[in-house]
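A note on names: the letters A, B, ... follow the listed sequences, proteins ahead of strands, and every chain is numbered from 1. Computation of the quantities below employed the complete heavy-atom set of this structure, encompassing side-chain atoms and omitting hydrogens, waters and symmetry-equivalent molecules.
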2 protein chains.
Amino acid sequence: MALILENIAKHVSLTPEEQALFLSKLETQTYKAKTILLNAGEICKHSYFVNSGILRSFNINDNIVEHVLAFACEGWWMSDMYSYFSQKPGQLFIEVLEESEVISLSKENQEQLFLEIPKLERFFRILIENSLVANQQRLMDNLSLPAEERFEKFCAKYGTLVHKVPQKQIASFIGVTPEFFSKMKARLLKK
Amino acid sequence: MALILENIAKHVSLTPEEQALFLSKLETQTYKAKTILLNAGEICKHSYFVNSGILRSFNINDNIVEHVLAFACEGWWMSDMYSYFSQKPGQLFIEVLEESEVISLSKENQEQLFLEIPKLERFFRILIENSLVANQQRLMDNLSLPAEERFEKFCAKYGTLVHKVPQKQIASFIGVTPEFFSKMKARLLKK
DNA sequence: AACCTTTCTTAATCTACATTAAGTGCTTTT
DNA sequence: AAAAGCACTTAATGTAGATTAAGAAAGGTT
């Protein structure tokens, strides 16, 4: 459980008692690759923190095309934020990509914690602020950069993933077809 | 000042004293069209709330191409979130599009308020949550929808703006050139 | 090992959108 | 009122990336 406490300590400092209280609200579980943690149409009742392994979130367009919204690896949080915040059915799937140890924090427990340890409200606000900034940057990148540069940015940010997740999912993340991605990669290797 | 209090009341309820304290930290000012509230390279020291009028944020790519990140009209907040949160120089410009009455909340005053009225921490967390969800949706739309549908979504969300801001800025927002946007519009009108 | 399924590659063809360029009508400036 | 500057349009041409279709690798499963 050290990782998640470090993660928190980066933004707010908890007393040992607060740490214990926080940990008591969490559940840790190991999942095999391909486990679906959340289906589209369901209400997202947990935020997930990745102790080890990789998760991804995606949606399926018109029941055909998958679009990867995000990856989460060690030390990252993941959920369907729309559904989690609003407690309404969402459009995202969350899937385990390789055997992963995942900590779950339920929405209810999170609300509880906000009351018992108000500092955590600050912590989660900062997490979301950072997500928002990253998302805006990605949006601008998608509007202004060609696929090749979007891929470079992906590598810079998720370097560890490049050889761990299927290429077609990276293609989807940066917004191109697997075929085009393959061609682009061959082009890049020539240089 | 009623509008901003209503805005807050949607998410947290303040006592009259808290309301007064909050208002005392704000500055209201009227700006003419084309006023630049923030330049790229500067540190964003304020969040802006639009009482009336329209703001937009954008960046300039390679010193040439403008990309519109967001519009803010009556009742919306705007800032360069990256720069505002981190207090480092940002890449965004914020510009007044038509004569606007704008409330400024400085970063310092916001921090103060978080200490004096912790409920506000919750309010701003919710604001940011909503932004994040909207941003993720827009990102997915950009990855999966053709320009025409992105424009429809724009109209649904910013209907009031369609005839108020220059077309080329809408084009930029949805991620196409003004020329293509013009052609697309002509095509849509035929239907 | 043999089979099946999924991922990746290659190549031809196609299309949504970009680029370039020219022209039209506005507003703003002088 | 002319000049200048923008915003918008139209049209020709160009291209990044999609689509389709096929085969080659690479896992998984029995």
When the distance from [atom1] of [X] to [atom2] of [N] is rounded to whole Å, what number comes out?
X	N	atom1	atom2	result
B/Asn142	C/dA16	CG	C1'	15 Å
A/Gln167	C/dT6	CD	P	18 Å
B/Phe181	C/dT19	CZ	P	17 Å
A/Lys168	D/dG17	NZ	P	21 Å
B/Leu143	D/dG17	CG	C1'	14 Å
A/Lys185	C/dT10	NZ	C1'	13 Å

Heavy-atom count check: over 12 atoms from other residues, nucleotides or ligands less than 6.0 Å from A/Glu116 CD?
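Yes, the 6.0 Å shell around CD holds more than 12 heavy atoms from other groups.
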Counting the atoms with a prime plus P, OP1 and OP2 as sugar-phosphate, which does A/Lys34 contact under 4.0 Å by heavy atoms, base, sugar-phosphate, or nothing?
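Answer is nothing: A/Lys34 stays at 4.0 Å or more from every strand.
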Identify which nucleotide among D/dA11, D/dT20, C/dC17 has an atom closest to any side-chain atom of B/Glu179, counting heavy atoms from C-beta outward.
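From the listed options, D/dA11 comes nearest.
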Passes ring-ring contact (aromatic ring centres under 6.0 Å, His included), A/Trp76 versus A/Tyr158? Steps please.
CA-CA 12 Å; A/Trp76 292 62; A/Tyr158 295 96; 5.6 Å; yes
Think B/Thr177 has a side-chain N or O under 4.0 angstrom from the OP1 or OP2 of C/dA18?
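So the side-chain polar atoms of B/Thr177 do come within 4.0 Å of the phosphate oxygens OP1 or OP2 of C/dA18, strictly under.
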Does a nitrogen or oxygen in the side chain of A/Arg150 sit under 4.0 Å from OP1 or OP2 of D/dG17?
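Yes, such a contact exists.
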Quick one: are A/Phe58 and A/Phe71 in side-chain contact, heavy atoms under 4.5 Å?
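They are not in side-chain contact.
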Any side-chain heavy-atom pair from A/Lys107 and A/Lys45 closer than 4.5 angstrom?
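No - every pair of side-chain heavy atoms lies 4.5 Å or more apart.
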